[in-house]
Trainee: 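First the structure, then my questions, so here it is.
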Amino acid sequence: MGEEEATDDTVVRRDRFSGGPARGFLSSLDADRRIFEADLAVDRAHVVMLAERGIVGDDVAGEILATLDDVEAAGHGALPDGEDVHEAIESAVVSEVGPEGGRMHTARSRNDEVATCIRYRLRDDLLRSVETALALRESLVESAADHTETLLPGYTHLQPAQPTTVAHWLLSYEAAVTRDAERLFDAYARVNRSPLGGAAFAGTPFDIDRDRTAELLGFDGVVRNSMDASSGRDVLVEAVSALATHAVTLSGLAEDLILYANRGFVSLSDDYSSTSSIMPQKVNPDTMELVRATAGDAVGDLTGLLTTLKGLPRAYNRDLQRATPHAWDAVDDVTAASEVAAGAVATATWHAEATTPAAGEGFSTATGVADALAMAGLPFRTAHEVVAAAAPEVEPEDDVATVTARVDAAAEAVLGESLWEYVTRDAVTRVLDPAESVASRDSAGGPAPDAVASEVKAARESLAADRETLAGRREALAAAAEALDAEVASYV
Ligand code: ARG
């Protein structure tokens with residue numbers, strides 16, 4: 001088949017490279033559905049720039065741009081066959097406009113084109129993931145505001161450690177999700193640079209304006225080195241790494257909720273639970289189990305991406321085609337998990353009647369007794385020794401008076417002195433009460449209700465600021481898209 005005899009199969013790939021048994025293996029056309037809109041935008045910006053620079057005539061530019069509107073209206077499913085979306089859209093343009101349509105591909109390559117499309121699309125996806133992370137923060141902080149006094153046993157090594165509150169626990173995740181969102185914003189800043197105009201990797205003799213296409217596409221600048229522009233995928237690693245980090249945060253949150261549900265501390269709402277097909281009484285935290293599992297997928301995507309990129313030589317290699325879907329999978333899975341976690345936290349019911357007695361179990365107030373002795377002047381290590389000597393004697397059913405007597409006996413044994421040489425009975429009674437124990441730990445970021453209340457206030461402020469940053473990023477993209485539409489309209 002000759003150059004002029006284009007078929008509806010493809011008008012771009014011809015002769016020797018029209019397909020063969022590996023055609024399906026080579027093609028990314030299905031996966032490229034994700035960047036169909038991005039490619040149209042990139043085509044439009046490129047054609048507008050080519051016309052502005054006098055590289056293509058305004059008439060041809062107008063015909064190409066009008067055809068791109070038709071291609072968009074028909075949708076990805078209507079594209080002619082092609083090795084990828086870039087080739088298929090070009091084929092569609094050429095079959096409509098004729099050979100002049102082929103001017104669209106002047107001064108670029110699919111290599112800089114695909115790199116630009118990925119970044120263009122990933123921007124939106126990253127902002128969506130930031131949005132869900134911020135919604136999760138709102139759930140965590142508002143739920144914390146409701147539970148500054150709801151006691152909760154705090155664990156280390158999954159053993160009762162010290163009493164804390166539900167709010168303090170919630171804010172520990174809020175802080176982590178805040179950093180996750182920061183990392184997503186950071187990734188966004190580096191993703192939002194335009195590789196367009198790098199061409200295959202080696203630039204172009206045409207007098208193009210890379211800053212102009214970057215501006216038309218809403219990028220904050222260009223990826224300057226043309227070889228870096230077409231081959232670099234480190235920004236995907238950065239984005240997927242931020243997503244995987246967020247997924248790991250979510251997995252811890254999910255695991256805690258599963259454990260707390262197991263102990264009857266919390267119930268997930270029916271919307272975030274499942275039941276059993278045989279055991280009618282079951283209310284299972286399935287959503288949290290799936291959130292927990294999402295970390296496995298995200299880490300898998302990060303590993304797949306890094307492994308694909310490792311040792312790739314400069315400049316473009318087709319391996320890169322298989323790197324991209326890891327980013328889409330990670331952003332979809334992690335964003336969905338984050339959204340579900342936000343809903344589950346917001347609608348969960350905490351059971352103070354279960355958490356309050358549990359908060360003091362396992363002599364979890366012991367550290368408070370040692371702290372009281374140390375505050376009275378004993379070296380902390382000695383105070384620790386006294387309470388450690390009492391600890392094995394303390395039984396779950398002991399009341400405050402019994403525990404106090406055991407600590408006093410330990411003081412006699414370790415120090416040769418009575419406990420009352422150091423502290424009052426009142427002070428010991430106070431620290432043995434889980435609520436008082438929590439209230440006493442009012443150091444910055446500690447669980448005392450007052451300390452938590454000021455953290456809630458700070459968290460709300462930082463959330464509002466991040467929401468503004470997000471809105472600003474979105475407005476910038478919307479303004480660029482509008483400006484590009486206006487430029488296109490002036491040719492069509
Ligand atoms: N479909 C390719 C990808 O996703 C882009 C095209 C570049 N292909 C090429 N043979 N140079 O990376």
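Order of listing sets the numbers, starting from 1, for every ligand and every atom in it. What you see is a predicted model, and the numbers here were worked out from it, not measured in a lab.
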Trainee: Can you check whether Arg233 has an N/O within less than 3.5 Å of an N/O in ligand 1?
Mentor: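 Such a contact does not occur with ligand 1.
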Trainee: Are any of the N/O atoms on His86, whether in the backbone or the side chain, positioned under 3.5 angstrom from an N/O atom of ligand 1?
Mentor: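 No.
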Trainee: Is Glu339 paired with Arg128 through a side-chain N to carboxylate O contact shorter than 4.0 Å?
Mentor: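 No.
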Trainee: Quick check on Thr324 - does any of its heavy atoms sit under 4.0 Å from an atom of ligand 1?
Mentor: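 No, Thr324 has no heavy atoms under 4.0 Å from ligand 1.
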Trainee: I need the nearest protein heavy-atom contact for atom 11 (N) of ligand 1: residue, atom name and distance, please.
Mentor: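 Here the nearest protein heavy atom works out to Asn111 OD1, 2.9 Å.
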Trainee: Between Glu83 and Arg110, does at least one N-O distance fall below 4.0 Å, as a salt bridge requires?
Mentor: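 So Glu83 pairs with Arg110 through a salt bridge.
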Trainee: Between Arg474 and Asp124, is there a side-chain N and carboxylate O pair less than 4.0 Å apart?
Mentor: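 No salt bridge links Arg474 with Asp124.
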Trainee: Using a strict cut-off of 4.0 Å, indicate which atoms of ligand 1 neighbour a heavy atom of Ser28.
Mentor: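 Heavy-atom distances to Ser28 below 4.0 Å select 1 (N).
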Trainee: With a 4.0 Å cut-off on N to O distance, would you call Asp234 and Arg190 a salt bridge?
Mentor: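 Between Arg190 and Asp234 there is no salt bridge, as every charged N stays at least 4.0 Å from the carboxylate O atoms.
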Trainee: For ligand 1, which atoms sit closer than 4.0 Å to a heavy atom of Val114?
Mentor: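 Under 4.0 Å from Val114, ligand 1 has these atoms: 3 (C), 4 (O), 5 (C), 12 (O).
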Trainee: Decide, yes or no, whether a salt bridge links Arg103 with Glu100 under the criterion of side-chain N to carboxylate O below 4.0 Å.
Mentor: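 A salt bridge is present here (some side-chain N lies under 4.0 Å from a carboxylate O).
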Trainee: Would one find an N or O of Glu83, backbone or side chain, under 3.5 Å from an N or O of ligand 1?
Mentor: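 Between Glu83 and ligand 1, no N or O pair is found under 3.5 Å apart.
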Trainee: Below 4.0 angstrom, N of the basic side chain to O of the carboxylate: do Arg108 and Asp43 qualify?
Mentor: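 Yes, this pair counts.
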Trainee: Indicate, as side chain, backbone, both or neither, the part of Arg318 found under 4.0 angstrom from ligand 1 when only non-hydrogen atoms are considered.
Mentor: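 The answer is the side chain.
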Trainee: Could you tell me which atoms of ligand 1, counted from 1 in the order shown, lie closer than 4.0 angstrom to a heavy atom of Asp84?
Mentor: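 Listed by number with element: 1 (N), 2 (C), 5 (C), 6 (C).
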Trainee: Tyr316 heavy atoms, cut-off 4.0 Å: which ligand 1 atoms fall inside?
Mentor: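 Heavy-atom distances to Tyr316 below 4.0 Å select 2 (C), 3 (C), 5 (C), 6 (C), 7 (C), 8 (N), 9 (C), 11 (N), 12 (O).
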Trainee: I'd like to check whether Asp32 has a polar contact with ligand 1, where a contact means an N/O of the residue lying under 3.5 Å from an N/O of the ligand.
Mentor: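 Looking only at distances, the answer is no, because the N/O contact criterion of under 3.5 Å is not met.
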Trainee: Considering the heavy atoms of Gln321, write down every atom of ligand 1 situated less than 4.0 Å from one of them.
Mentor: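 That gives atoms 1 (N), 2 (C), 3 (C), 4 (O), 12 (O) of ligand 1.
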Trainee: Taking 4.0 angstrom as the limit, do Arg44 and Asp485 come out as a salt bridge?
Mentor: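 Looking at Arg44 and Asp485, the cut-off is not met.
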Trainee: Using 4.0 Å as the upper bound for N to carboxylate O, is an ion pair formed by Arg179 and Glu182?
Mentor: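 No.
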